[in-house]
Asker: 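Got a structure for you, written out below as structure tokens; questions coming shortly.
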Amino acid sequence: MAKKLISMTVNGQAHDVAVEPRELLIHTLRERLSLTGSHIGCETSHCGACTVDFNGESVKSCTMLAVQADGAEILTVEGLASDGTLHPVQEGFVEKHGLQCGFCTPGMMVRAYRLLQENPNPSEEEIRVGLSGNLCRCTGYQNIVRAVQYAADKMSAE
Amino acid sequence: MATPAEQVQDPVGGVGCSRKRKEDARFIQGKGNYTDDLKLPGQVFGAFVRSPIAHGRVVSINKEPALAHPGVFAVLTAEDLKPLNLHWMPTLAGDTQMVLADGKVCFQQQEVAFVIAEDRYVAADAVELVEVEYEELPVITDARQAMSADAPVIREDLEGKTEGAHGERVHHNHIFRWDVGDAAATDKVFASAPLTVSEDISYQRVHPCPLETCGCVSDFDKIKGELTVYLTSQAPHVVRTVVSMLSGIPESKVHVIAPDIGGGFGNKVGVYPGYVCAIVGSIVLGRPVKWIETRVENLAATAFARDYHMRGELAADEEGRVQALRVHVLADHGAFDACADPSKFPAGLFSIVTGSYDIPTAFARVDGVYSNKAPGGVAYRCSFRVTEASYLIERMMDVLAQKLGIDPAEIRSRNFIRAEQFPYTSCLGWEYDSGDYHTAMQQALEAVDYEGLRKEQAEKRAKGDLMGIGVAFFTEIVGAGPTKNCDILGIGMVDSCEIRVHPTGSAIARLGTKSQGQGHETTYAQIIATELGIPSDDIQIEEGDTATAPYGLGTYGSRSTPVGGAAAARAARKVKDKARKIAAAMMEVSPADLEWDVDRFVVKSLPDQSRTIKEIALAAYQHLPEGLEQGLEAVEYYDPPNFTYPFGAYICVVDIDRFTGEVKIRRFYALDDCGTRINPMIIEGQVHGGLTESLGIALGQELAFDEDGNILSASFMDYFMPTAVETPHWETDFTVTPSPHHPIGAKGVGESPNVGGVSAISNAVIDAFAHQGVTHMQMPHTAYAVWKQINALGLNK
Amino acid sequence: MIPANFDFHAPASVAEALSLLAEHGDGAKVLAGGHSLLPMMKMRFAAPQHLIDLNGIADLRGIKREGDTLVIGAMTTENQIIASDLLAADCPLLPEAARQIADPQVRNRGTIGGDICHGDPANDLPAVTMAADATYVLQGSNGERHVHSADFFLGSFYTAMEPDEILTSIRIPAAKGVTGSAYVKLKRKIGDWATAAAAVQLTLNGGKCSEIRIALTNLAPTAVRVAAAEEALKGQPIDDALIEVAAEHAMAASDPTADLRGDVEYKTQMAGEMTRRAIRQSLARAGG
Amino acid sequence: MKVKLEKKHAIDAPPAAAWSVLRDLNVLAECMPGASITGQTGDNEYTGKVSVKVGPVQSVFGGTIQVTGIDESNYTMKLDAKGKDQSGTSNASMQLTASVQAGEGGGCELVGNSEIKVMGKMANFGGRMIDGVADQLISQFLANFSDRVLAAGEGEAAAEAAQRVAEQPKELNALALLWGMIIGFLRRLFGSKESS
């Protein structure tokens with residue numbers, strides 16, 4: 001099958017890549033663009049470790065084809081911080097011990113980032129439901145909830 | 001809840017303070033370095049052809065169509081590995097395991113051939129092109145049928161062998177029999193006891209399921225004859241030794257690196273066929289070979305946990321004081337005994353089964369059997385088989401309480417080992433280092449208003465509602481272990497730390513353990529900070545690289561703090577001893593005249609005369625008086641004198657929907673005593689995580705099989721993984737009873753919540769039916785399973 | 001977990017999609033949100049030679065009102081359904097159900113059309129759209145035809161859609177009068193497939209049930225309407241005894257498959273329980 | 001994973017007519033949606049393949065069929081079929097006992113008992129579908145079988161049946177409508193199923 005040339009903007013940077021139609025977006029990001037922050041945890045779109053922001057929406061990049069991202073704006077964990085300043089979500093994860101092994105963390109934070117755009121002042125219940133597409137095996141979620149609350153507070157104060 | 005001492009900012013960020021983690025910076029910016037993130041020049045990808053059947057002969061393998069596929073470099077089968085004698089490999093439990101199917105397959109998804117191709121896409125295509133003919137054989141998936149007379153022979157390679165690695169085999173599917181305690185004395189107590197209870201209690205097969213699957217990249221340098229393997233290992237040094245033994249490459253030329261690990265929980269202790277095949281592939285091809293499991297492969301083929309089928313019996317007097325415990329376990333180890341235990345302990349530390357109770361007499365027998373299921377039997381977030389043991393005794397205490405009409409909390413208190421009995425030697429031979437169980441239990445009962453809860457439960461029951469209160473108390477045995485008891489493949493289970501203090505006063509410490517999220521880069525630095533007065537921010541911790549770190553047995557069984565942490569403290573003390581001599585020389589006083597104050601040595605009678613560790617560090621690399629060697633460093637290999645015995649009191653409250661069977665955890669309170677607390681923030685995080693895993697196990701997880709050996713829960717579609725929504729808010733609390741033998745009194749905590757949590761939740765669910773005379777229900781307590789109980793009792797009418 | 005290779009097509013119009021479908025015939029498969037099809041392809045249960053991605057067809061998205069009918073484009077995502085003010089007012093059953101599908105990320109991709117066309121008895125929207133009295137609009141090389149939701153599902157993964165057709169929109173009569181609806185789903189955890197679920201939409205007139213539709217998810221080879229229960233309740237003031245009758249009919253209409261989530265008896269009983277709950281909630285919402 | 005199916009199907013034709021279809025494996029195979037005999041390797045041994053299409057799932061199983069018993073006097077036939085899918089990730093086998101019994105009014109009844117065993121990926125992930133699919137396949141088989149028997153007869157019914165035989169779809173998916181009608185009908189009237 002012939003490769004397709006696609007263009008996408010990832011973390012503000014334009015990329016042109018040639019991919020087989022079957023190539024999964026997560027592999028393009030990780031292996032062609034060397035953005036290895038997003039991970040593969042389950043392959044059946046349950047764990048959310050591969051979550052990226054796709055045209056302003058959270059998606060699971062293991063269940064999307066790279067060819068579907070032609071023309072898309074994508075944000076990954078590597079693009080969360082700007083000008084050397086951590087995003088409040090990143091800060092919150094450190095301050096509230098929202099991560100342990102770190103494997104789910106990039107997907108979790110990118111989802112939390114979007115959740116706070118959708119709902120800047122979420123309740124604990126709304127945070128839990130909002131992150132229900134992301135599994136974490138280490139933290140028991142409690143400190144992740146606190147991390148998101150920290151970020152929400154910080155962002156609303158700004 | 002934090003003690004006043006913990007709220008005080010520690011001047012060096014040392015033991016007892018909740019400092020933020022040092023490792024977080026890279027993880028939150030996507031700069032963690034996990035195995036699958038590696039991309040070496042010329043790297044190729046390996047993938048397995050796996051067996052669709054659970055038991056059968058391999059009639060033929062045709063790899064030609066796969067080899068003809070563009071981009072395929074090699075297809076390995078057992079025939080290819082035979083000349084290297086690598087078609088089978090030794091397991092940690094003294095058994096052997098097929099690397100690739102050698103004439104037959106013994107479990108579904110067993111490794112049959114290894115395809116190496118230019119990338120994972122081509123490899124996936126080529127795997128489907130390998131043609132394998134099988135001839136099916138009868139299948140055993142239930143341990144209880146493994147030793148029946150007509151059971152098929154699973155391990156033909158062992159046929160006729162009546163001696164296994166752990167003594168006599170009584171059946172062709174028998175692996176070992178392990179007896180502990182005094183059988184005759186126990187039988188005698190039971191024969192004359194005022195009261196006995198018994199129950200069949202299974203702990204289902206589950207999987208540790210870290211979010212990152214297992215994998216490796218093997219890179220063989222033909223010119224230097226050096227092998228470098230990057231892999232997801234909780235025990236890189238052990239892997240290096242095993243690889244050297246298997247490959248014949250001198251250990252000095254084998255370099256194992258465990259990069260960042262995305263959770264382990266026991267899944268990443270073993271050596272898997274994928275590692276061996278990638279290594280062979282890289283040697284054959286002269287190119288780096290990467291192998292990364294899929295989630296399906298992870299659940300179906302690497303390292304399950306539990307699968308213990310237990311019968312527990314208690315003999316007691318009318319007041320509920322236990323006189324004896326008798327246990328028989330049928331342990332399903334799958335097709336190969338690849339259980340990760342200290343070599344002399346085929347059932348791990350299961351003999352901790354007397355729990356937190358002063359039980360005078362006990363006997364336990366464990367029979368290990370083969371079945372047509374994947375090998376494993378790892379300690380999933382617990383010390384070896386401790387969760388199974390703890391679950392058994394905690395269930396049995398409830399069964400006894402129910403029989404006597406005594407409250408479950410009360411019956412535990414009546415049987416607890418008393419504070420003044422420590423150090424306490426159990427009737428099965430363990431010396432418990434320290435504990436104060438009554439205080440912990442009391443604190444827990446008060447914190448949840450236990451009496452109030454029982455009152456509420458009585459009212460609810462009167463209305464027909466189902467509310468359960470689970471009480472569980474556990475004592476773990478962790479920190480394997482003393483070399484007098486514990487070894488793996490003949491290597492004593494020590495761990496190690498090497499500290500180097502640099503001239504400008506910062507330091508690096510390297511250890512033989514390997515963090516998988518526990519926060520070692522922070523907590524080890526805290527231990528050393530307190531010992532040496534160097535701010536923990538200035539102490540770099542390195543683990544996982546066998547070329548640089550001193551030899552250690554790795555991280556599992558909560559051994560990092562008890563063994564690695566002890567090594568760190570003692571290495572730091574060696575450094576400090578030398579620093580004292582240098583300081584004394586600097587100030588021209590006798591070392592005995594100095595005393596330590598946070599970060600400096602002070603002359604006892606002259607408090608304004610002092611030298612900080614920073615000053616001493618610089619001096620250590622300058623001209624020193626005769627008899628003092630330059631440098632400020634030390635290595636410690638620590639052989640713990642004993643295990644440590646963390647404990648805790650957990651209380652769980654559940655509400656059950658009597659029409660659907662759904663269980664909701666309304667409240668969960670966990671009091672942990674892990675001795676000296678190094679970083680309360682990290683401890684709390686460990687407890688949250690372990691409790692969430694225990695929720696998964698108690699309420700939903702099971703590696704289920706049908707009678708033909710098909711695995712029915714091989715992806716997250718079917719294998720229950722709790723999300724933030726099912727997970728309740730966890731309440732944590734603590735008492736502090738330091739370990740008397742650990743250098744800083746710490747005991748380890750990572751696994752306690754999994755051990756205690758499962759018992760508390762399961763007890764709560766069953767307690768909801770106690771008034772109906774129900775004494776036990778098998779896990780997992782899914783809505784469906786609970787509903788069956790409800791329906792049988794007619795409570796949904 | 002790598003799909004087999006295929007040719008990818010991203011038509012910009014329905015006409016283009018239909019001609020691609022006609023051209024590639026049996027070897028072609030239409031891609032909507034992809035959260036059923038791509039996992040099947042990754043597991044290599046499905047290996048189409050041509051994948052026709054509908055995501056670029058703007059005409060297939062959006063929710064609008066045409067007179068008394070709500071028209072939902074087949075490629076409207078579940079999150080767009082949740083966010084729709086129009087649906088919140090005129091067909092709240094749909095957003096309520098959409099909220100119970102999978103998780104936020106999946107709902108950003110998953111579409112109402114894909115959920116329906118896949119024909120999976122475990123999908124939620126077939127039963128929900130049945131309860132909402134929906135009609136599906138199919139376009140094929142021979143033009144457009146309307147198939148009522150009650151006539152669309154023929155078996156597990158079998159629908160009345162022809163291989164050369166595409167589902168373009170879902171038409172739902174806007175709620176009229178005093179209505180109440182509910183989708184009650186028993187599941188192991190959030191986002192999971194239904195162990196059993198019931199969708200109910202009813203209209204009250206003077207305290208009596210003038211109209212009601214009840215449909216079940218994952219309790220038979222297809223989503224099923226419980227017509228007998230509907231008949232029993234229609235024209236009556238709904239009381240506990242009638243709810244019980246409806247639950248009995250729901251159980252009788254169930255023919256579930258046993259799996260780890262439950263055996264046939266449990267799932268059948270849960271069909272009854274979900275039906276009870278959905279009727280009660282619908283009544284409460286209708287103020288009855 | 002095993003699915004046991006017991007089916008009875010009344011056919012308005014004499015038993016001998018039904019038996020002539022049942023005993024000829026080449027004709028019998030044509031009644032199975034997507035199935036064909038690809039060769040004969042022995043007196044009672046054949047090779048064959050079945051193509052199953054369920055929604056987006058498509059799978060081709062190839063394997064062997066052994067006729068293990070033909071009892072002419074009781075019109076009973078037994079066979080064992082074994083196969084694996086092309087990717088080597090699933091295996092399936094079927095043991096079938098089928099007989100023709102005299103029915104009401106000169107008609108007959110085809111009685112089939114089969115146990116289908118599925119191993120591998122199909123059972124791991126397609127478990128919830130197997131039940132229904134097996135049921136669908138057998139139901140369609142019965143309808144096709146019936147048509148073939150009837151087509152051998154005379155009159156309008158035979159002509160209609162012959163027409164249906166000629167139009168018989170090659171795979172399961174294309175007969176959705178017809179299937180939809182017969183499945184519920186058959187299951188309620190004749191079918192009982194048991195799966196494990």
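By convention in this document, chain letters (A, B, ...) are assigned in the order of the sequence lines, proteins followed by strands, and residues within each chain are numbered from 1.
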Asker: With sequence neighbours excluded, what pairs up with C:His249 under the side chain to side chain donor-acceptor pair (under 3.5 Å) test?
Answerer: none

Asker: With sequence neighbours excluded, tell me which residues meet salt bridge (Lys or Arg N to Asp or Glu O under 4.0 Å) with C:Lys267.
Answerer: C:Asp259

Asker: Tell me if the CG atom of D:Asp80 is crowded by more than 12 foreign heavy atoms within 6.0 Å.
Answerer: yes

Asker: Against chain D, label C:Met43 side chain, backbone, both or neither, depending on which of its atoms sit under 4.5 Å from a heavy atom there.
Answerer: both

Asker: Take atom CD of D:Glu72 as the centre, draw a 6.0 Å sphere, and report whether it contains more than 12 heavy atoms from other residues, nucleotides or ligands.
Answerer: yes

Asker: Can you confirm whether D:Lys78 is buried at NZ, in the sense that more than 12 heavy atoms of other residues, nucleotides or ligands lie under 6.0 Å from that atom?
Answerer: no

Asker: For the residue pair D:Gly126 and C:Phe45, what are the closest heavy atoms and their distance?
Answerer: N-CZ, 4.5 Å

Asker: Kindly give the heavy-atom pair with the smallest separation between D:Pro56 and C:Ala46, and that separation in Å.
Answerer: O-CB, 3.1 Å

Asker: Please determine whether the number of non-hydrogen atoms from other residues, nucleotides or ligands lying under 6.0 Å from atom NZ of C:Lys187 exceeds 12.
Answerer: yes

Asker: Where along residues 110-122 of chain C does a heavy atom come under 4.5 Å of chain D, listed by residue number?
Answerer: C:His118, C:Asp120, C:Ala122

Asker: If the condition is side chain to side chain donor-acceptor pair (under 3.5 Å), which residues does C:Glu78 pass it with, not counting sequence neighbours?
Answerer: none

